[in-house]
Amino acid sequence: MTSYMAVKEKLEAMINEGELKVGEKLPSEHQMAKFFGVSRDTFRSAIKLLEKERKILVKHGVGTFVVQPPPSISNNLEDLRSIGELIKSSGLKEGERQERITLEKCPKQFASLLGIQAGEPVYFLKRARTADNEPVVFSVNLIPKAVVGDVFERKPFSGSLLSYLQVECGLSILDADTEIFVPPLSDKYVKRLMCKPETTVLLLKSIHLDEKNQVVMYSLDYLRNDVFSFWIRRARK
């Protein structure tokens, strides 16, 4: 193991064991390099790795501080899972801040995606999702009233939308065609997730289908890219 990796692992152990606490300022670079018995360049390389992983915050001219790393949630894009499942499977506390459910005329740009005519009634569901009380997702879901009837008016909704639709409407969403998009910073929903200046956001645009290949829902899921990571295995043909 290279010496800077060894220093990195020792620092991580000191953080995990509480020897270095969140919010604590590290001694000077010279002192820390001497403590580990390495050069200042080697120590600096270890700090850069920890800074990239957001376990250390370097404020130039001020000092180096231990910070609470953001929750990390990874997902194979081939698996269709609810946002709540992703959060809970990572051992994090799931929460939500539901804004509203409204019945509106479907805008033209969404009608063709839902397979309906512009102006037909659709439910708009807007809510923020949290992990360990920190906002990590903002979702906008469009569901034709012709597909679910007046269920949202009869039965309060919270938690997993996929489970709700299955239990209350008998709709099992089995597939989703998803486009990954990088939204502009000017997007009003991106701004809802900008907890820190360095926050970046990915947008998943998804058409959800049931077992009959009926379009049930169109979703816009804005996810913090410093929290969620996605991967897919590609095969050479």
Trainee: Using 0.5 Å steps for rounding, measure from the CZ atom of R154 to the CG atom of D150.
Mentor: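 Answer rounded to 0.5 Å: 4.5 Å.
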
Trainee: Using only atom types and a distance under 3.5 Å, with no angle test, would you say the side chain of E24 pairs donor to acceptor with the backbone of K21?
Mentor: yes

Trainee: Is a side-chain donor-acceptor pair under 3.5 Å present for E9 with Y4?
Mentor: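 No donor-acceptor contact under 3.5 Å links the two side chains.
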
Trainee: Determine the minimum heavy-atom distance between T130 and E96, stating which atoms define it.
Mentor: OG1-N, 3.9 Å

Trainee: Let me confirm one number: the CD-OG distance from E179 to S206, rounded to the nearest 0.5 Å.
Mentor: 9.5 Å

Trainee: So L103 and K145, side chain to side chain contact (heavy atoms under 4.5 Å, CB included) or not? Walk me through it.
Mentor: CA-CA 8 Å; L103 185 61; K145 185 173 183 180; 4.0 Å; yes

Trainee: Under a 3.5 Å distance rule, please check whether D132 uses its side chain to pair with a backbone N or O of K93 as donor and acceptor.
Mentor: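 Yes, because the side chain of D132 sits within donor-acceptor range (under 3.5 Å) of the backbone of K93.
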
Trainee: Can a salt bridge be assigned to the pair K105 and E120 using a cut-off of 4.0 Å between side-chain N and carboxylate O?
Mentor: no

Trainee: Mind checking whether I143 and L161 have side chains closer than 4.5 Å, heavy atoms only?
Mentor: yes

Trainee: Does R54 pair with D226 as a salt bridge, N-O distance under 4.0 Å?
Mentor: yes

Trainee: For residues V137 and F228, determine if any side-chain heavy atom of one lies less than 4.5 Å from a side-chain heavy atom of the other.
Mentor: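 In short, these two side chains touch, coming nearer than 4.5 Å.
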
Trainee: Is a side-chain donor or acceptor of D187 paired with a backbone partner of P183 at a separation under 3.5 angstrom?
Mentor: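 It does not hold such a pair.
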
Trainee: Under 4.5 Å between any side-chain heavy atoms of I47 and V58, yes or no?
Mentor: yes

Trainee: Output the distance between atom CG (L50) and atom CD1 (I15), rounded to the nearest 0.5 Å.
Mentor: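 Between atom CG of L50 and atom CD1 of I15 there are 6.0 Å.
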
Trainee: Is there side-chain contact between L165 and V216, with heavy atoms separated by less than 4.5 Å?
Mentor: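 Counting from C-beta outward, L165 and V216 do come under 4.5 Å.
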
Trainee: Looking at every non-hydrogen atom in both residues, tell me the closest pair between T178 and L204 and how far apart they are.
Mentor: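 Nearest heavy atoms, T178 then L204: CG2-CB, 3.9 Å.
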
Trainee: Given side chain to side chain contact (heavy atoms under 4.5 Å, CB included), test N141 with S219 step by step and report yes or no.
Mentor: CA-CA 4 Å; N141 305 108; S219 297; 2.7 Å; yes

Trainee: Taking all atoms of both residues into account, what is the closest heavy-atom pair of V67 and I56, and its distance?
Mentor: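 Smallest heavy-atom distance, with atoms named: CG2-N, 3.8 Å.
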
Trainee: Please name the pair of heavy atoms, one in H208 and one in A176, separated by the smallest distance, quoted to 0.1 Å.
Mentor: ND1-CB, 3.8 Å

Trainee: Are E29 and R44 packed together at the side-chain level, in the sense that at least one heavy-atom pair is separated by less than 4.5 angstrom?
Mentor: yes

Trainee: State whether the number of non-hydrogen atoms from other residues, nucleotides or ligands found under 6.0 Å of Q117 atom CD is greater than 12.
Mentor: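 No, not enclosed.
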
Trainee: Rounded to the nearest 0.5 Å, what's the gap from CG on L174 to OG on S172? Could you check?
Mentor: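 Atom-to-atom, L174:CG and S172:OG are 6.0 Å apart.
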
Trainee: Please test L113 against V215 for side chain to side chain contact (heavy atoms under 4.5 Å, CB included), starting from the C-alpha separation and ending with a verdict.
Mentor: CA-CA 8 Å; L113 297 168; V215 177; over 6 Å; no

Trainee: Quick check for you: to the nearest 0.5 Å, what is the distance between K25 atom NZ and T64 atom OG1?
Mentor: 8.5 Å

Trainee: Have T42 and S39 got a donor and an acceptor in their side chains that come within less than 3.5 Å?
Mentor: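 Side chains of T42 and S39: pair found under 3.5 Å.
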
Trainee: Are L142 and M217 side-chain neighbours, meaning at least one heavy-atom pair lies under 4.5 Å?
Mentor: no

Trainee: F124 vs R100, test: side chain to side chain contact (heavy atoms under 4.5 Å, CB included). Steps then yes/no.
Mentor: CA-CA 8 Å; F124 275 76; R100 58 179 178 166; over 6 Å; no

Trainee: Treating Ile, Leu, Val, Met, Phe, Trp and Tyr as nodes and any side-chain heavy-atom pair under 4.5 angstrom as an edge, say whether V147 and V122 lie in one connected cluster.
Mentor: no

Trainee: Do F157 and V140 sit in the same hydrophobic cluster, where Ile, Leu, Val, Met, Phe, Trp and Tyr count as joined when their side-chain heavy atoms come under 4.5 Å apart?
Mentor: no

Trainee: Ignoring hydrogens, what is the shortest heavy-atom contact between A118 and A111? Give both atom names and the distance.
Mentor: N-CB, 3.5 Å

Trainee: Among side-chain atoms of S139 and D221, is any donor-acceptor pair under 3.5 angstrom?
Mentor: yes

Trainee: Does NZ or CZ of K126 fall inside the cone over F138's six-membered ring, less than 6.0 Å from its centre and within 45° of the axis?
Mentor: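 No - K126 does not lie over the ring of F138 by the 6.0 Å and 45° rule.
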
Trainee: When you compare the side chain of L223 with that of V136, does any pair of heavy atoms fall below 4.5 Å?
Mentor: no

Trainee: Rounded to the nearest 0.5 Å, how far apart are CD1 of I101 and CG of L125?
Mentor: 4.0 Å

Trainee: L171 and Y218: same hydrophobic cluster, using ILVMFWY side-chain contacts below 4.5 Å?
Mentor: no

Trainee: Do I83 and V167 land in one hydrophobic cluster if side-chain heavy atoms of ILVMFWY residues count as linked below 4.5 Å?
Mentor: no

Trainee: Would you check if there is a donor-acceptor pair between the side chains of Q166 and S163 at a distance under 3.5 Å?
Mentor: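 No, because no side-chain N or O of S163 sits under 3.5 Å from a partner of the opposite role on Q166.
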
Trainee: Counting C-beta onward and ignoring hydrogens, is there a side-chain heavy-atom pair between K59 and F65 closer than 4.5 Å?
Mentor: yes

Trainee: Evaluate the ring planes of Y222 and Y189, with Trp represented by its six-membered ring, and classify them as parallel (under 30°), tilted (30 to 60°) or perpendicular (over 60°).
Mentor: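 It falls in the tilted class, 30° to 60°.
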
Trainee: Treating Ile, Leu, Val, Met, Phe, Trp and Tyr as nodes and any side-chain heavy-atom pair under 4.5 angstrom as an edge, say whether L20 and V7 lie in one connected cluster.
Mentor: yes

Trainee: Please confirm whether the ring centroid of F152 lies under 6.0 Å from the ring centroid of Y164.
Mentor: yes

